[in-house]
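A short worksheet on the structure shown next.
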Amino acid sequence: MTNITIRKFPSPAYETLSAHGLPPVLARIFAARGIENPSQLDTTFSRMASFQQLKNIRQIAVLLADAIAAKKRLLVIADYDTDGATACAVALRALRQFGAMVDYLVPNRFEYGYGLTPEIVQLAANCNPPPAILITVDNGIASVEGVAEANRLGMQVFITDHHLPGDQLPEAAVIVNPNQPGCDFPDKHIAGVGVIFYVMLALRAELRERGSFIATGKEPNLANLLDLVALGTVADVVRLEGTNRILVQQGLQRIRSGHCCAGIHALFKMAGRDFSRVTTYELGFILAPRLNAAGRLDDMSLGIECLLAEDEFRALHLASKLDELNRQRREIEAGMRDEAMSKLEGVINTLDQINAPTNNRVHPVYSLCLYDSDWHQGVVGLIASRVKDRLHRPVIVFAQGNNGEIKGSGRSIPGLHLRDALDLVTKRHPGLIVKFGGHAMAAGLTVHAQHFEQFRAVFEQVAQSLLTPVDLIQVIETDGELEERDLTLELAQYLTNQVWGQGFPEPSFNGRFRVENQRIVGEKHLKLKLRKAGTSQIYDGILFFHTERLPAEIDAVYRVQLNEYNGSTRMQLLLEHWFGSGCAQYG
């Protein structure tokens with residue numbers, strides 16, 4: 001069952017925004033997203049939270065400055081997703097400009113798993129010469145054993161991370177994480193790349209105080225790193241509020257003006273996209289998958305090298321490899337998705353019966369756990385996301401690991417904090433999960449293969465204790481209907497240039513339309529001519545990946561977007577959901 005609800009907005013915020021000159025449609029859109037006054041829409045640097053609010057930021061800046069002065073060798077320990085790759089690139093680019101001797105090491109997810117493990121510490125120790133300091137980016141807050149091993153071997157560990165800490169913090173030399181106890185930094189949802197960017201800001205300030213830039217008369221411009229910060233922030237699907245919105249907007253502006261690194265420029269070129277028109281969509285759904293493909297199928301060092309490339313030829317060569325890996329990833333994902341949905345046919349039929357009003361006496365299934373020994377470990381998270389979207393249940397998909405273990409990646413729905421749910425599993429059944437970590441909506445874990453059925457049963461019990469039947473009904477939120485006077489090219493242009501994403505969703509609208517014309521384009525999309533009910537105005541529309549004819553009248557949830565073709569720009573309606581007229585349920 002799917003309900004369509006209209007986002008509510010506080011009247012005082014709406015009135016304030018309207019009084020400051022925002023058109024009514026924009027005032028209601030922003031008020032529904034927590035904007036109370038126009039100053040909150042300001043994305044200039046002056047609105048950013050100060051780095052001084054991060055706990056231990058002064059300490060890590062001093063330690064890094066001392067290490068650079070002493071010519072100690074630094075080694076950045078990265079993560080194998082886009083946030084980790086961009087964070088690594090930000091750290092290396094900045095530290096090298098500051099004169100540091102620094103290199104990086106990124107774990108191969110298939111051999112070593114996530115984070116600063118004791119095995120990764122051993123690899124670091126075997127470097128020639130070995131580093132004096134390990135700097136984690138986008139990981140480390142859960143690496144209690146890894147930090148202990150580094151300490152034993154005489155290497156200091158500086159942790160920069162944004163993930164939620166566990167009950168025990170690692171005994172690192174210094175930890176910078178906005179979510180650690182006692183940290184007053186206001187923007188708790190900043191990504192890992194944002195944390196290391198702040199650390200580099202603090203380090204530059206420390207080096208400035210020491211007079212490190214006097215000899216050259218010029219200090220590094222860290223704004224040149226904002227393209228990387230924007231990409232990593234959007235890719236990690238963190239809430240785009242406060243500082244995150246500023247970092248992303250500033251990064252987008254730099255990319256649009258052509259001020260981006262050779263690697264990002266090459267990724268745009270391989271994707272056939274115009275960087276001058278980039279939005280958060282291109283960062284999250286065009287560039288990030290190409291980088292993530294390296295971590296999913298091969299080695300994320302390929303993605304990091306692309307982001308570190310200084311010349312266009314090398315960047316294009318690496319971007320081409322990433323593009324090919326992404327093609328392979330899509331093929332693997334498509335096969336696994338078909339297999340997963342085939343396995344779930346019976347479950348889907350059951351859920352459809354459960355969700356039917358006449359069958360609500362049947363006890364619902366609250367969660368889904370899937371495992372196939374032939375599935376690819378690097379793609380299970382994508383499959384979990386697809387199944388979650390289809391069935392609106394928390395989903396964990398497992399693939400074969402090493403030494404009798406299976407590795408799972410999960411995605412959740414509102415109402416169930418996935419990491420907390422896994423923590424509850426471990427408290428009720430100690431030892432059932434080998435290790436886990438993650439966020440509210442996404443998490444990873446490892447269990448022994450022979451314990452899969454037990455885990456599935458226990459996770460279902462936990463899901464039942466945390467969710468209600470109402471939580472299992474998918475709710476599509478919209479910003480209501482648009483009047484004919486508001487459905488304009490100007491609105492589409494304005495919305496296109498804003499920063500939308502997790503926690504600050506791109507506006508969507510609902511309405512009833514007469515389908516005046518429909519035809520298939522590109523062999524898999526439906527091009528539409530739509531007339532809004534009660535009016536004579538005809539609008540262009542598109543329904544992607546759909547070839548079956550629509551009924552004569554539909555209720556639709558749609559977004560307004562720009563469609564550029566043959567040198568002209570028009571507004572079109574991008575249909576996200578449609579229902580036979582009168583079939584949509586509005587809440």
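Numbers here simply count residues along the sequence, with the first being 1. The model shown is predicted, which means the values in this text are computed figures rather than measured ones.
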(request) Specify whether Phe545 and His525 have parallel, tilted or perpendicular ring planes, treating 30° as the upper limit for parallel and 60° as the lower limit for perpendicular. (result) perpendicular
(request) Quick one: list whatever passes side-chain contact (heavy atoms from CB on, under 4.5 Å) with Glu523, sequence neighbours left out. (result) none
(message) Within this structure, what is the OG1-CD1 distance for the pair Thr446 and Ile406, rounded to the nearest 0.5 Å?
(response) 9.0 Å
(message) Quick check: do Leu445 and Lys407 have side-chain heavy atoms less than 4.5 Å from each other?
(response) no
(message) Under 4.0 Å between a side-chain nitrogen and a carboxylate oxygen: does that hold for Arg512 and Glu553?
(response) no
(request) State, with a plain yes or no, whether a side-chain heavy atom of Leu472 is found less than 4.5 Å away from one of Leu467. (result) yes
(request) Verify salt bridge (charged side-chain N to carboxylate O under 4.0 Å, His left out) between Glu333 and Arg330, making sure each step is shown before the conclusion. (result) CA-CA 5 Å; Glu333 180 190 348; Arg330 286 202 299 261; over 6 Å; no
(message) Using side-chain heavy atoms (C-beta onward) and a distance below 4.5 Å, is Thr280 in contact with Val248?
(response) yes
(request) Check each of Val387, Asp389, Leu382 against Ser385 using the side-chain contact (heavy atoms from CB on, under 4.5 Å) test, and report the only one that passes. (result) Asp389
(message) I need the Asn497 CG to Gln253 CD distance, nearest 0.5 Å.
(response) 9.5 Å
(message) I'd like to know if Arg33 and Asp479 make a salt bridge, using a cut-off of under 4.0 Å between side-chain N and carboxylate O.
(response) yes
(request) State, to 0.1 Å, how close Gln250 and Thr44 come at their nearest heavy-atom pair, and which atoms those are. (result) NE2-CA, 3.8 Å
(request) Can you run down the salt bridge (Lys or Arg N to Asp or Glu O under 4.0 Å) pairs that involve residues 228-253, sequence neighbours left out, and say none if there aren't any? (result) Arg239-Glu241
(message) Do Val447 and Phe398 make a side-chain contact, defined as non-hydrogen atoms from C-beta onward lying under 4.5 Å apart?
(response) yes
(request) State, to 0.1 Å, how close Ile413 and Asp471 come at their nearest heavy-atom pair, and which atoms those are. (result) CD1-O, 3.7 Å
(request) Decide, yes or no, whether a salt bridge links Glu481 with Lys532 under the criterion of side-chain N to carboxylate O below 4.0 Å. (result) yes
(message) Check this for me: does any side-chain nitrogen of one of Asp423 and Arg419 sit under 4.0 Å from a carboxylate oxygen of the other?
(response) no
(message) Ring centres under 6.0 Å, that's the criterion: do Phe30 and Phe9 meet it?
(response) no
(request) Write out all pairs satisfying salt bridge (Lys or Arg N to Asp or Glu O under 4.0 Å) with one or both partners inside residues 534-551, taking only residues at least two apart or from two chains. (result) Lys529-Asp540, Asp540-Arg570
(message) To the closest 0.5 Å, what do you measure between CD (Glu36) and CD (Gln40)?
(response) 5.5 Å
(request) Flag the pair Trp375 / Val397 as yes when at least one side-chain heavy-atom distance between them is below 4.5 Å, and no otherwise. (result) yes
(message) Test of understanding: with side-chain hydrogen bond (donor to acceptor under 3.5 Å, both in side chains), list the residues that count as partners of Ser367, not counting sequence neighbours.
(response) Glu460
(message) Strictly by salt bridge (Lys or Arg N to Asp or Glu O under 4.0 Å), give each pair with a member in residues 364-383 just once, sequence neighbours left out.
(response) Lys343-Asp372
(request) Please identify each residue that fulfils side-chain hydrogen bond (donor to acceptor under 3.5 Å, both in side chains) with Glu483, with sequence neighbours left out. (result) none
(request) Could you note down all residue pairs passing side chain to side chain donor-acceptor pair (under 3.5 Å) where residues 10-31 supplies at least one of them, sequence neighbours left out? (result) none
(message) Tell me every residue that passes side-chain contact (heavy atoms from CB on, under 4.5 Å) with Pro181, counting only those two or more places apart in sequence or in another chain.
(response) Pro165, Leu169
(request) Carefully, step by step, assess Arg277 and Glu282 under the rule salt bridge (charged side-chain N to carboxylate O under 4.0 Å, His left out). (result) CA-CA 9 Å; Arg277 303 180 187 278; Glu282 282 76 25; over 6 Å; no
(message) Could you report the tightest heavy-atom contact between Gly194 and Val229, atom names first, then the distance?
(response) CA-CG1, 4.5 Å
(request) Can you see which heavy atom on Phe452 is nearest to which on Leu370, and at what distance? (result) CZ-C, 4.0 Å
(request) Go through the structure and list residues passing side-chain contact (heavy atoms from CB on, under 4.5 Å) with Leu562, not counting sequence neighbours. (result) Leu489, Ala492, Gln493, Thr496, Thr569
(request) Please name all residues satisfying side-chain contact (heavy atoms from CB on, under 4.5 Å) with His451, sequence neighbours left out, ordered by chain then number. (result) Leu432, His448, Gln454
(request) Please step through side-chain hydrogen bond (donor to acceptor under 3.5 Å, both in side chains) for the pair Gln400 and Gln377, ending with a clear verdict. (result) CA-CA 7 Å; Gln400 193 75 34; Gln377 191 183 129; over 6 Å; no
(message) Can a donor-acceptor pair be found, under 3.5 Å and without considering hydrogens, that links the side chain of Asp187 to the backbone of His189?
(response) no
Tell me which donor-acceptor pairs under 3.5 Å the side chains of residues 285-293 have, and how far apart each pair is, sequence neighbours excluded?
residue	atom	partner	partner atom	Å
Arg290	NE	Asp323	OD1	2.8
Arg290	NH1	Ile286	O	2.8
Arg290	NH2	Asp323	OD1	3.1
Asn292	OD1	Thr82	N	2.9
Asn292	OD1	Thr82	OG1	2.9
Asn292	ND2	Ala288	O	3.4

(request) Identify the two heavy atoms, one from Leu487 and one from Val560, that lie closest to each other, and give their separation to 0.1 Å. (result) CD2-CG1, 3.6 Å
(message) Is it true that, when you exclude Arg327 itself, more than 12 heavy atoms of the residues, nucleotides or ligands shown sit nearer than 6.0 Å to its CZ?
(response) no
(message) Any non-hydrogen side-chain atom of Gln572 less than 4.5 Å from a side-chain atom of Tyr558?
(response) no
(request) Not counting sequence neighbours, which residues clear side-chain hydrogen bond (donor to acceptor under 3.5 Å, both in side chains) with Asp81? List them please. (result) none
(message) Nearest 0.5 Å, please: how far is CG in Leu252 from CG in Leu226?
(response) 10.5 Å
(message) Within the 4.5 Å heavy-atom criterion, are Leu543 and Lys527 side-chain neighbours or not?
(response) no
(message) Rounded at 0.5 Å granularity, tell me how far CH2 in Trp578 sits from CG in Leu528.
(response) 10.5 Å
(request) Show your reasoning for whether side chain to side chain contact (heavy atoms under 4.5 Å, CB included) applies to Arg531 and Gln537. (result) CA-CA 6 Å; Arg531 179 166 57 83; Gln537 183 65 45; over 6 Å; no
(message) Give me the atom names and distance for the closest heavy-atom approach of Val238 to His162.
(response) CG1-CE1, 4.3 Å
(message) With a 6.0 Å cut-off (strictly less than), is the heavy-atom count around CG of Asp338, excluding the residue itself, greater than 12?
(response) yes
(request) Evaluate salt bridge (charged side-chain N to carboxylate O under 4.0 Å, His left out) for Arg559 paired with Glu506, printing each intermediate quantity in order. (result) CA-CA 8 Å; Arg559 290 189 281 119; Glu506 183 175 358; 3.1 Å; yes
(message) Could you check whether Asn244 and Thr233, counting side-chain N and O atoms only, form a donor-acceptor pair closer than 3.5 Å?
(response) no
(message) With a 4.5 Å cut-off on side-chain heavy atoms, are Phe268 and Ile255 touching?
(response) yes
(message) How long is the straight-line distance from CD1 of Ile383 back to OG of Ser409, given to the nearest 0.5 Å?
(response) 10.5 Å
